[in-house]
Amino acid sequence: MKMITITIDGFSSCGKSTMAKSLARELGYIYIDSGAMYRAVTLFCLEQGLVVNGEINRSKLRKSLKDIKITFERNPQNNQVETYLNGVCVEQKIRSMAVSNLVSPVATIDFVREELVRQQQAMGTKKGIVMDGRDIGTTVFPDAELKIYVTASAEIRAQRRYSELTSKGQDADYEAILKNVQERDYIDMHREVSPLRQAEDALHLDNSELSIEQQNDWLLEQFNRVVELTS
Ligand code: DC
């Protein structure tokens, strides 16, 4: 069957990765979480002392970019794809509040975006990929055959994130999460380089009221339609 490129963009905590993972599994496609790459760069900044009083030392980061190697590996125990930073699994650490609070400013840095976009495009040369993020349909793969733009209200997204953290036994404060979600939305939509926006040819999906099953069915329908159209 013909392989295509699928992009899923949208706000934080919209369930993009849940839907991208399940679609990739269903189709036997590669799944890449591009947000995890920005999070890994942010963790690197925190661990290497490149953050002073909440500010990122850009010149040091620029020099260090060549020392940041981000890879993805499937964990055979839970069958999940996990993020590695310089050979160390950082899947848990990149989801911490410390990283979440700093990742949007890191993602506004032009040279960081240039480098990560280059790596993301290299991962998709053979198609057969589902990538989620903010600028995947607009900048990384503007020629993708299937583009989805997902939205859900900030309150629903904060509640989902809260439940995700507490179900893993981590501390969580709903109000703090809501504030973080709203701040990140603002930065993601207003930054100069590749702001979050719906690509003209993207399909809009508001999943505030959809179950995971309904969402998966809708996605498969769109996939089948596009494959038929482009065959
Ligand atoms: O999807 P996420 O919440 O894990 O993304 C983390 C941050 O990275 C978020 O603030 C937006 C940014 N990001 C981005 O700018 N471009 C992408 N393609 C993916 C994420």
Side-chain angles (χ1 to χ4, degrees), residues 5-21 24 31-46 51 54 56 61 68 70 72 80-83 85 90-124 129-142 144 147-152 154 156-162 164-165 168 172 176-199 202 207:
T5 301
I6 303 172
T7 67
I8 302 188
D9 289 302
F11 292 117
S12 61
S13 307
C14 255
K16 294 186 302 293
S17 57
T18 307
M19 74 172 83
K21 267 183 214 162
Y31 161 63
I32 300 291
D33 173 357
S34 69
M37 299 172 75
Y38 290 94
R39 286 173 179 272
V41 172
T42 306
L43 179 65
F44 179 90
C45 292
L46 285 166
V51 186
I56 298 134
L61 176 57
I68 305 180
I70 303 164
F72 295 96
Q80 297 288 327
V81 175
E82 294 180 338
T83 314
L85 172 60
V90 291
E91 191 54 40
Q92 292 279 332
K93 279 189 177 176
I94 60 169
R95 312 284 163 197
S96 66
M97 276 312 263
V99 170
S100 294
N101 285 334
L102 195 70
V103 63
S104 280
V106 168
T108 63
I109 302 175
D110 51 1
F111 58 83
V112 171
R113 298 204 74 84
E114 270 164 38
E115 176 56 21
L116 294 189
V117 167
R118 194 188 60 73
Q119 292 184 18
Q120 289 153 7
Q121 288 172 333
M123 292 171 186
I129 190 167
V130 183
M131 190 177 289
D132 72 358
R134 304 295 188 286
D135 60 340
I136 312 303
T138 51
T139 305
V140 181
F141 299 125
K147 300 181 183 177
I148 314 286
Y149 185 74
V150 203
T151 56
I156 285 190
R157 288 182 283 133
Q159 184 57 51
R160 287 178 187 161
R161 183 107 192 87
Y162 174 84
E164 189 186 322
L165 289 170
K168 287 182 195 156
I177 293 172
L178 179 60
K179 188 162 171 277
N180 176 260
V181 162
Q182 289 166 332
E183 280 171 2
R184 281 202 285 158
D185 285 357
Y186 186 86
I187 300 179
D188 290 347
M189 293 179 82
H190 292 86
R191 66 170 172 240
E192 252 172 60
V193 193
S194 294
L196 170 66
R197 63 175 176 83
Q198 180 173 354
N207 69 7

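Note that ligands are numbered from 1 as they come in the structure, with each ligand's atoms numbered from 1 the same way. Here the structure is a predicted model, which means the values were calculated and not measured.
Without hydrogens or angle criteria, R161 side chain to E164 main chain gives no donor-acceptor distance under 3.5 Å. Side chain of R39 to backbone of V103: no donor-acceptor contact under 3.5 angstrom is found.
Around CZ of F72, the count of heavy atoms belonging to other residues, nucleotides or ligands within 6.0 Å exceeds 12.
Note that CD1 of I129 and CD of Q120 are 9.0 Å apart. Values are rounded to the nearest 0.5 Å.
Using a heavy-atom distance under 4.0 Å as the criterion, the protein contacts of ligand 1 are S12, K16, S34, G35, Y38, R39, V103, S104, A107, R113, G133, R134, D135, I136, R184, D188, R191.
Remark: R184 pairs with N180 by the side chain to side chain donor-acceptor pair (under 3.5 Å) rule, at least two apart or across chains.
Paired with Y31 under the rule side chain to side chain contact (heavy atoms under 4.5 Å, CB included), one option of Q80, K21, M131 passes, and it is K21.
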